[in-house]
Amino acid sequence: GRDLICIQSMDGMLMLFEQESYAFGRFLPGFLLPGPLAYSSRTDSFITVSSCQQVESYKYQVLAFATDADERQDTEQQKLSSGKRLAVDWVLNIGEQALDICVVSFNQGVSSVFVLGERNFFCLKDNGQIRFMKKLDYSPSCFIPYCSVQEGTINTLIANHSKMLNVYQDVTLKWATQLPCIAVSVKVANFQDLKGVIVTLSDDGHLQCSYLGTDPSLFQAPKVDFREINYEEMNAEMKELQKIIREATKTQDVLPESEKQRDVTVTADVSPDLDEESQAIDSEVKAGAVPSVTVKITIQSRVTAQKPSLAVCVQAPLAVTCDQFIFDDLEPDSSETVVLSVFLKENCSPSELEGTCMVSYNISTGIPRVAQCNFSLPLKLICFPAQPSKAANHKLTIDTNKPPVSFVTIFPDFVDLSEGDQANALGFEFLTGSKTTLLASKTSQRYRIQSDQLEDLWLVTKELIHRLEVHFKKQNCKDFACTFSGSIPLQEYFELIDRHFELRLNAEKFQELLSGRAVQFRAIERRLLTRFKDKTPAPLQHLDTLLEGTFREVIALADAAEENQANMFQAFAKLKSATHLVIMLISLWQKLSTDQVAILEATFLPLAEDTQELGWEETVDAAVSYLLRTCLSKSSKEQALTLSSQLSMPKDTSRLKKNITLFCDRLAKGGRLSLSTDSASQQAAVMPGGCATIPESDLEERTIIPGSIAMFSSNGQITKQKSKP
């Protein structure tokens with residue numbers, strides 16, 4: 001009537017408790033690492049697998065009368081102690097580590113000890129003799145023996161890492177089935193009217209109750225009287241069925257319908273105000289309080305939507321509190337609403353303040369469909385009002401064709417109302433610590449944006465143009481336009497490219513160093529294992545010191561590689577922001593159409609994420625080279641040149657910077673972006689000599705001379721300015 005508990009510790013000690021009272025503790029001999037442990041009630045013994053890869057059995061009575069664990073100090077004290085030395089009952093060498101042990105007894109006379117190894121499956125008798133064994137051709141994960149219908153045999157369920165569940169009767173495979181995940185534990189259970197339910201637990205905590213086979217069909221077709229076949233009715237029925245089949249397999253059932261008749265629509269409503277209590281989770285921003293904004297997403301269905309799931313995506317460094325939602329089937333004319341929050345997680349400014357909601361579902365015919373929508377986030381999510389600054393390293397001037405608008409009108413959420421309508425200077429401080437100032441001219445129709453960092457100009461400039469367009473659209477002003485007549489800041493842009501490329505080179509160096517240190521670490525390990533296994537002891541010759549030093553180098557290199565990866569992520573975010581800014585300035589400078597701006601974005605922003613295998617530099621270089629040889633080519637000879645079909649990381653960025661400079665020069669001299677095949681020939685006919693050849697030596701001088709700044713003015717000429725030392 002008492003509960004006895006045995007606990008195995010990491011140092012090889014078995015502690016036994018009677019109820020809540022500690023009884024005694026014993027150390028297992030020759031212990032290195034703990035293995036599976038089971039208790040056999042028939043023999044009153046504990047069975048385990050030691051580090052020597054052998055199954056060992058210890059009688060409870062021997063454990064009780066052996067030397068106490070507290071007295072295990074040295075050999076002399078063991079001799080003086082009154083207890084007996086701990087002796088094993090029986091030993092069986094299985095030659096591999098065991099994953100689990102199970103002792104079962106389905107009848108009174110016989111009990112079996114099942115041991116699941118890494119490559120074999122053993123069934124032992126009470127005395128340690130092998131009853132049978134099975135060699136497995138897969139890597140098992142867990143097992144459970146259970147009672148068999150046939151007398152004298154035992155069934156066993158064995159799950160493996162290939163997501164399979166095998167049913168054995170002794171050593172014979174009787175059934176195999178696929179699992180949705182890798183099972184780490186399996187049991188056979190009975191639940192009320194359900195008997196023999198297979199319960200599996202996955203490594204991510206997914207619990208599943210299932211059974212083998214299919215539901216039995218109890219329906220029996222009634223006997224029908226024989227009658228003559230009416231071929232006319234059969235032909236009519238066949239035609240009707242074929243008509244139904246043709247209607248069901250029409251093209252419009254596969255392709256998405258128009259927006260007006262869409263089965264499922266998803267809408268996102270962004271709150272105009274920030275959350276009173278921030279929902280930011282694990283944010284790395286060093287600011288005191290990281291704000292968050294609530295996004296309410298509504299899914300409306302006109303038909304039955306099966307297995308709908310919602311995915312919400314924002315670009316890093318932004319993050320959402322929850323990005324995946326799974327719903328039950330949606331009935332016709334029903335809706336579902338979810339609420340989440342968006343916040344800045346990484347310690348750098350994002351390149352875009354936009355997000356995407358995507359709903360995937362199946363219609364009644366089983367055809368998958370997708371509905372999506374985009375939403376825009378407020379600028380105050382990543383910055384807050386600050387005092388304007390007069391001095392800055394980078395300045396941009398945007399010209400408009402309308403009188404300047406007061407910031408109180410277009411930036412009411414950033415302007416201090418106490419300043420009145422005369423506020424013509426506005427300061428923005430990002431959560432990362434950098435500042436940007438926005439100035440409005442009192443006499444001319446110009447706005448100036450200035451900051452110490454080039455990438456910080458992008459979001460404020462984009463927000464300014466967007467709010468101006470919305471303001472004049474409300475006033476029914478259709479001819480509002482913004483232009484840029486300054487110089488494209490290519491030199492500052494190239495510095496960001498060089499910084500990002502330098503971090504990519506560092507990542508390759510860290511990878512090579514880590515690979516070399518790992519090879520060295522494994523070689524030292526092999527030497528040490530050879531010394532330890534040698535029967536005649538030999539000096540280590542400082543191999544242990546060398547192993548420890550190599551291990552520390554591996555850890556230091558891994559930490560440095562992680563830090564470099566984080567820096568590369570921030571550099572890529574800054575590069576994307578600066579690229580957005582350059583694209584916008586080029587489009588305002590050359591007054592490009594929407595299609596031409598789309599070509600620019602596809603050329604300079606081809607990747608959402610940057611990797612070592614496919615990086616930004618080689619991808620953009622290939623895209624710019626393609627445009628220079630097609631729609632921006634100056635002769636048919638350039639069109640005949642072939643591009644490399646394989647992208648690889650370049651040695652430096654000189655070729656990329658040269659191509660970008662040439663790209664802007666061709667645009668300045670009248671080139672137009674187009675992806676049509678005949679655009680290059682038409683452009684060459686319209687502009688003979690319009691795109692003059694730039695001497696390679698002159699181009700290299702303009703792009704490589706340290707301290708020089710290449711700038712493109714509105715008249716298409718290249719000007720060079722010497723930077724002050």
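When a residue number appears, it is its place in the shown sequence, counting from 1. Worth knowing before you read on, the calculation uses all heavy atoms, side chains too, and leaves out hydrogens, waters and symmetry mates.
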Check: [Y] and [X] side chains under 4.5 Å, non-hydrogen atoms:
X	Y	answer
I297	L310	yes
I47	V55	yes
C142	V184	no

Can you give me every donor-acceptor pair (side chain of residues 315-329, partner residue at least two apart or in another chain, under 3.5 Å) with its distance?
unit_1 : atom_1 : unit_2 : atom_2 : d
Q315   : OE1    : K576   : NZ     : 3.4
T321   : OG1    : S341   : N      : 3.2
D329   : OD1    : K307   : N      : 2.9

- Run the side-chain contact (heavy atoms from CB on, under 4.5 Å) check on L14 and L37 step by step: do they pass? CA-CA 10 Å; L14 294 182; L37 180 68; 3.9 Å; yes
- Considering residues at least two apart in sequence or located in another chain, which fulfil the ring-ring contact (aromatic ring centres under 6.0 Å, His included) criterion with F343? none
- Note on the structure: Contacts of F17 meeting ring-ring contact (aromatic ring centres under 6.0 Å, His included) (sequence neighbours excluded), chain-then-number -> Y22
- Task: Indicate the ring-plane relationship of W616 and H500, choosing parallel, tilted or perpendicular according to the 30° and 60° boundaries.
- Result: perpendicular
- Note on the structure: Residues pairing under salt bridge (charged side-chain N to carboxylate O under 4.0 Å, His left out) where one sits in residues 550-566, two or more places apart or in two chains, turn out to be R517-E553, E548-R552
- Task: Keeping to residues at least two apart or across chains, list the salt bridge (charged side-chain N to carboxylate O under 4.0 Å, His left out) pairs with something in residues 162-183.
- Result: none
- Between S309 and S360, does any side-chain donor sit less than 3.5 Å from a side-chain acceptor? yes
- Task: Carefully, step by step, assess F27 and L86 under the rule side-chain contact (heavy atoms from CB on, under 4.5 Å).
- Result: CA-CA 8 Å; F27 280 100; L86 181 58; over 6 Å; no
- Identified side chain to side chain contact (heavy atoms under 4.5 Å, CB included) counterpart of L116 within the set L136, V49, I101: L136
- Message: With a 3.5 Å distance limit and no angle check, can you tell me whether R42 reaches the backbone of S111 through a side-chain donor-acceptor pair?
- Response: no
- Message: I'd like to know if the side chain of E96 and the backbone of E118 have a donor-acceptor N/O pair within less than 3.5 Å.
- Response: yes
- Query: Which ring-ring contact (aromatic ring centres under 6.0 Å, His included) pairs, counting each pair once, include a residue from residues 115-147, with sequence neighbours left out?
  - Reply: F114-F121, F121-F143
- Task: Please assess V199 against C209 for the test side-chain contact (heavy atoms from CB on, under 4.5 Å), listing each intermediate value before the final yes or no.
- Result: CA-CA 5 Å; V199 184; C209 297; 4.0 Å; yes
